[in-house]
Amino acid sequence: MIYAIVGAGGKTGLLKEMAAHFRQEGKSVFATTTTHMFIEKDTLLTDDASVIIDMLHKNGYVFAGVPEEPKIKALPDAVYTTVCKEADVVLVEADGSKHMPLKFPGDTEPVIPDNADEIIVVCGLHGLDKAAKDVCHRPELVKQHLNITDDTIITPHHIYRLV
């Protein structure tokens with residue numbers, strides 16, 4: 001099963017919780033990104049499929065990406081596809097939000113892999129009751145979509161419409 005996690009405000013945390021859950025079930029888990037994300041402490045920094053697969057088989061879990069300091073970027077398509085075949089579960093962080101809890105996607109977002117079985121949309125509820133300008137990635141798109149201003153206080157209805 002391949003999950004693409006998109007949105008804002010909690011993608012990496014959800015990815016890690018899902019990985020732990022599936023590992024407790026005895027499943028092997030491959031985690032990666034299709035965009036850019038900060039390097040997590042357990043990230044394997046390589047684009048060598050055999051190294052990634054060895055780690056997956058050894059530990060039952062691998063979080064891999066290509067280093068691009070201070071972040072990682074997506075693995076080459078051929079490497080991603082090869083490693084996917086070896087894992088029971090694949091978790092892909094397929095969107096960015098610059099650590100903001102809410103966002104509206106740009107024209108090229110999210111970057112969902114073609115082989116994704118499910119898409120999970122997340123948002124950070126810690127954006128509630130705060131001014132849009134303070135909690136939104138791509139604020140111009142958010143304001144246009146919601147017909148609000150920079151100083152509009154975000155409500156549950158706004159979040160519902162964004163999701």
Side-chain angles (χ1 to χ4, degrees), residues 1-45 52-53 55-56 59-66 68 71-130 132 134-139 141-142 144-146 154-163:
M1 183 67 105
I2 299 171
Y3 298 90
I5 305 169
V6 303
K11 294 180 301 295
T12 304
L14 177 61
L15 182 147
K16 288 181 171 210
E17 286 193 30
M18 290 178 70
H21 170 79
F22 287 121
R23 286 297 303 130
Q24 286 178 342
E25 290 184 349
K27 295 180 179 172
S28 63
V29 178
F30 166 44
T32 192
T33 184
T34 56
T35 61
H36 291 87
M37 64 184 290
F38 284 103
I39 297 171
E40 297 293 315
K41 66 178 178 164
D42 61 347
T43 305
L44 179 60
L45 302 173
I52 298 168
I53 291 167
M55 183 68 74
L56 178 67
N59 296 333
Y61 169 78
V62 65
F63 190 136
V66 178
E68 189 173 83
K71 297 184 176 190
I72 59 169
K73 65 180 183 176
L75 295 165
D77 289 341
V79 172
Y80 168 78
T81 302
T82 299
V83 179
C84 283
K85 293 174 185 172
E86 298 293 320
D88 297 320
V89 176
V90 178
L91 303 172
V92 181
E93 186 165 315
D95 207 355
S97 62
K98 301 213 185 274
H99 296 283
M100 295 296 219
L102 304 171
K103 76 172 286 185
F104 192 87
D107 291 340
T108 60
E109 300 172 317
V111 185
I112 298 170
D114 291 339
N115 63 343
D117 296 305
E118 288 192 23
I119 300 167
I120 301 170
V121 181
V122 300
C123 67
L125 294 180
H126 57 284
L128 279 171
D129 300 323
K130 296 187 176 74
D134 297 329
V135 294
C136 295
H137 178 52
R138 304 214 186 287
L141 293 174
V142 171
Q144 179 183 354
H145 178 73
L146 297 177
I154 298 296
T155 67
H157 179 71
H158 294 125
I159 292 176
Y160 170 79
R161 289 186 54 212
L162 285 173
V163 171

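In this chain, residues are counted from 1 in sequence order. What you see is a predicted model, and the numbers here were worked out from it, not measured in a lab.
Side-chain atoms of E25 and H21 form a donor-acceptor pair, as typed in the model, at a separation below 3.5 Å.
The shortest non-hydrogen separation linking M100 to H137 is CB-N, 3.7 Å. The shortest non-hydrogen separation linking P105 to L141 is O-CD1, 3.6 Å. Residues I112 and A116 come closest through the heavy atom pair CG2-CB, 3.9 Å. When all heavy atoms of Y61 and R23 are compared, the pair lying nearest together is CB-CD, 3.9 Å. Taking every heavy atom of both residues into account, A4 and P113 meet most closely at CB-CD, 4.1 Å. Of all the heavy atoms in A94 and T34, the pair that sits closest is CA-OG1, 3.2 Å.
Applying side-chain contact (heavy atoms from CB on, under 4.5 Å) to F30 and the options L75, V89, I2 leaves one that passes, L75.
Within the model, atoms NE2 of H99 and CZ of F38 stand 4.0 Å from one another, a figure rounded to the nearest 0.5 Å. Atom OG of residue S97 and atom CD of residue E109 lie 9.0 Å apart, to the nearest 0.5 angstrom. Within the model, atoms CZ of R138 and CD of Q144 stand 13.0 Å from one another, a figure rounded to the nearest 0.5 Å. Atom CG of L91 and atom CD1 of I120 lie 7.5 Å apart (nearest 0.5 Å). To the nearest 0.5 Å, atoms CG (L162) and CD1 (I154) are separated by 7.0 Å. Remark: I159 CD1 to L146 CG distance equals 10.0 Å, nearest 0.5 Å.
For residues 114-128, the side chain to side chain donor-acceptor pair (under 3.5 Å) pairs, not counting sequence neighbours, are Y80-N115.
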Does the pair M18 and I5 meet the rule for a side-chain contact (heavy atoms from CB on, under 4.5 Å), with working shown?
CA-CA 11 Å; M18 290 178 70; I5 305 169; 4.1 Å; yes
For E86 and S28, what are the C-alpha separation, side-chain angles and deciding distance, and is it a side-chain hydrogen bond (donor to acceptor under 3.5 Å, both in side chains)?
CA-CA 8 Å; E86 298 293 320; S28 63; over 6 Å; no
Between I52 and M55, does a side-chain contact (heavy atoms from CB on, under 4.5 Å) hold up when you go through it step by step?
CA-CA 5 Å; I52 298 168; M55 183 68 74; 5.9 Å; no
side-chain contact (heavy atoms from CB on, under 4.5 Å) for F22 and M1? Distances and angles first, verdict last.
CA-CA 11 Å; F22 287 121; M1 183 67 105; over 6 Å; no
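Contact annotation: the side chain of V142 never approaches that of L102 to less than 4.5 Å [non-hydrogen atoms, C-beta and beyond]. No side-chain heavy atom of P101 sits under 4.5 Å from any side-chain heavy atom of K130.
Listed by chain and residue number, H36, V66, E68 satisfy the side chain to side chain contact (heavy atoms under 4.5 Å, CB included) test with K73 (two or more places apart in sequence, or in another chain). Here T43 pairs with I39, E40, L45, F63, I72 under the side chain to side chain contact (heavy atoms under 4.5 Å, CB included) rule; sequence neighbours left out.
Checking side-chain atoms of K103 against main-chain N and O of G96 turns up a donor-acceptor pair under 3.5 Å.
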